[in-house]
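Some notes on the structure that comes next.
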Amino acid sequence: MLYWILFQTPQEMKEYDIDQTISQYVHGAELAKEAGFDGVQLHGSHGYLITQFMSPKTNARKDEYFQPLLFLYRIASQIRKQMPKKFVLSVKLNAADYVEGGMTEEESLRHVEEITKWELFDIIEISGGDYENPEFIGHGSKRQAFFLRFAQRASSTVEMVASKLGIQPPAILLTGSLREQASIASVLRKKEASLIGIGRPSVVLPSYPRFLTDESLSSEDIPNPFEPVLPKLGISKLAGASVNTMWYCYEMRRLAESVLNGRISDDHQPSNAPALWRVVSCYISALWLLITGLLGFSGMKERL
């Protein structure tokens with residue numbers, strides 16, 4: 001039942017739905033700014049909504065939104081109209097979908113070229129895959145090799161377009177499986193990417209980026225962020241991939257609570273709660289938010 005509630009069959013969006021969703025993206029950026037963030041990232045990867053417009057596997061529309069980048073363009077342009085010039089806008093793109101009928105690397109590269117011409121984004125992050133092939137959403141040497149190769153091509157593309165048009169190119173951000181000083185330094189030195197993303201290790205060890213940039217420390221002196229050993233769910237690839245994500249969601253919530261209560265420190269450590277409980281508690285929280293949200297929406301309609 002939980003699987004049915006969380007992973008329902010999608011419905012084609014009407015034009016009104018699309019307009020409303022674009023407004024919600026803009027509102028999200030406004031809330032982020034009010035909360036003190038310097039910018040936001042639009043998630044155009046891993047099969048989420050923006051990706052569904054971009055991928056030939058999921059975009060079968062007959063209206064103007066058959067154009068794969070139109071939805072993303074309208075979101076980004078509206079955010080730019082509402083936000084200060086210094087507000088950072090990033091987009092996360094798939095190097096490819098890595099599923100049959102999905103977006104190829106060549107198509108993704110053409111998207112990078114077009115997005116650069118818009119002059120709307122400060123950063124383009126390289127990722128890939130979707131939940132049909134979660135191997136590329138996790139971490140590992142295979143994933144790193146694919147994304148590094150594409151990041152090299154993307155970096156060359158944005159530089160070529162920027163040089164031709166006389167504009168500032170967006171920075172290429174590479175993330176995933178880069179954990180050691182030497183490998184990070186090599187990527188930056190060779191200009192295979194302009195920025196390195198340190199995501200999940202920073203959730204577990206918030207001071208990890210500072211350790212990596214401390215030139216006085218050797219590799220042996222840098223603490224190794226704890227990575228969970230999680231149960232494997234045989235329900236589906238989708239449910240199995242989400243287990244790892246939920247573990248980190250639990251840690252992010254715990255980290256936020258520590259910051260709010262003034263308890264954060266350099267030796268912050270992950271919770272000792274069993275890994276399975278952390279995952280289950282996140283699912284329960286998500287289900288509760290869904291139920292209360294639906295009840296609130298129902299009550300709002302009655303009042304209207």
Side-chain angles (χ1 to χ4, degrees), residues 3-29 40-79 89-116 118 120-121 123-138 143 146-147 150 154 170 173 175-176 235-242 244-246 249 286 289-290 293-294:
Y3 182 86
W4 178 83
I5 291 174
L6 294 178
F7 308 122
Q8 299 180 40
T9 303
Q11 302 293 320
E12 181 176 329
M13 297 174 74
K14 307 299 183 185
E15 193 166 328
Y16 167 79
D17 299 322
I18 293 174
D19 291 341
Q20 187 177 45
T21 303
I22 291 171
S23 297
Q24 290 170 337
Y25 271 104
V26 176
H27 182 57
V40 294
Q41 182 179 76
L42 301 179
H43 199 331
S45 188
H46 302 169
Y48 290 106
L49 183 59
I50 292 174
T51 326
Q52 292 168 30
F53 281 88
M54 296 172 68
S55 175
K57 183 175 182 179
T58 48
N59 188 343
R61 300 185 68 91
K62 304 300 182 183
D63 58 10
E64 61 179 342
Y65 283 101
F66 83 91
Q67 301 172 74
L69 295 178
L70 181 59
F71 183 58
L72 174 63
Y73 173 80
R74 288 184 171 169
I75 295 170
S77 59
Q78 288 299 316
I79 290 175
L89 187 56
S90 170
V91 62
K92 188 171 191 170
L93 298 178
N94 269 2
D97 291 340
Y98 302 112
V99 293
E100 186 177 352
M103 189 166 48
T104 66
E105 288 192 22
E106 293 305 319
E107 288 172 318
S108 296
L109 206 60
R110 287 196 291 272
H111 290 170
V112 169
E113 181 177 352
E114 181 63 25
I115 288 169
T116 301
W118 297 346
L120 293 173
F121 289 100
I123 300 169
I124 297 176
E125 180 182 351
I126 304 303
S127 190
D130 67 12
Y131 285 98
E132 286 187 52
N133 192 358
E135 178 180 4
F136 287 93
I137 298 176
R143 177 183 190 265
F146 271 100
F147 297 166
F150 186 83
L173 169 63
T175 187
I235 303 171
S236 71
K237 287 183 178 181
L238 179 58
S242 67
N244 189 277
T245 300
M246 287 299 174
C249 286
L289 287 172
L290 177 64
L294 289 174

Do I75 and V26 pass the side-chain contact (heavy atoms from CB on, under 4.5 Å) test, and can you show the C-alpha distance, the side-chain angles, and the key distance before you say yes or no?
CA-CA 7 Å; I75 295 170; V26 176; 5.6 Å; no
Could you check D19 against E15 for side-chain contact (heavy atoms from CB on, under 4.5 Å), going step by step and ending with a plain yes or no?
CA-CA 6 Å; D19 291 341; E15 193 166 328; 4.2 Å; yes
Checking Y25 against R74 for the side-chain hydrogen bond (donor to acceptor under 3.5 Å, both in side chains) test, could you report, in this order, the C-alpha distance in whole Å, the side-chain angles of both residues, the deciding distance, and whether it holds?
CA-CA 10 Å; Y25 271 104; R74 288 184 171 169; over 6 Å; no
Show your working on side-chain contact (heavy atoms from CB on, under 4.5 Å) between E106 and R110 and close with a plain yes or no.
CA-CA 6 Å; E106 293 305 319; R110 287 196 291 272; 4.1 Å; yes
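The shortest heavy-atom contact between T58 and T51 is OG1-O, 4.1 Å. The shortest heavy-atom contact between F121 and A76 is CZ-CB, 3.5 Å. The nearest pair of heavy atoms linking L93 to M54 is CD2-CE, 3.7 Å. Between F147 and T175, the shortest heavy-atom contact is CD1-O, 4.3 Å. Between I126 and A154, the shortest heavy-atom contact is CD1-CB, 4.2 Å. Of all the heavy atoms in P170 and T116, the pair that sits closest is CD-CG2, 3.7 Å.
In this structure, CG on L72 lies 12.5 Å from CD on Q67, to the nearest 0.5 angstrom. The CD1 atom of I22 lies 10.5 Å from the CD atom of Q24; values are rounded to the nearest 0.5 Å. Here H43 contributes atom NE2 and E125 contributes atom CD; the two are 8.0 Å apart, rounded to the nearest 0.5 Å. Residue L42 holds its CG atom at 4.5 Å from CD1 of I79, rounded to the nearest 0.5 Å.
With hydrogens and angles disregarded, a donor-acceptor distance shorter than 3.5 Å links the side chain of Q52 to the backbone of G47. When atom types are taken as modelled, the side chain of N94 and the backbone of H46 share a donor-acceptor pair closer than 3.5 angstrom. For the pair S108 (side chain) and A95 (backbone), a donor-acceptor distance under 3.5 Å is present. Distance alone, capped at 3.5 Å, is enough to place a donor-acceptor pair between the R61 side chain and the M13 backbone. In terms of modelled atom types and a separation under 3.5 Å, the side chain of S77 and the main chain of Y73 share a donor-acceptor contact.
Put simply, the side chain of E107 does not reach to within 4.5 Å of the side chain of P68, judged on heavy atoms. Looking only at side-chain heavy atoms (C-beta outward), L109 and F150 come within less than 4.5 Å of each other. No side-chain heavy atom of I50 sits under 4.5 Å from any side-chain heavy atom of V91. Between L173 and I124 the shortest side-chain heavy-atom distance does not fall below 4.5 Å.
Heavy-atom neighbours of Q11 CD from other residues, nucleotides or ligands within 6.0 Å: at or below the threshold of 12.
By the 30° and 60° cut-offs, the orientation of the rings of F53 relative to F71 is parallel.
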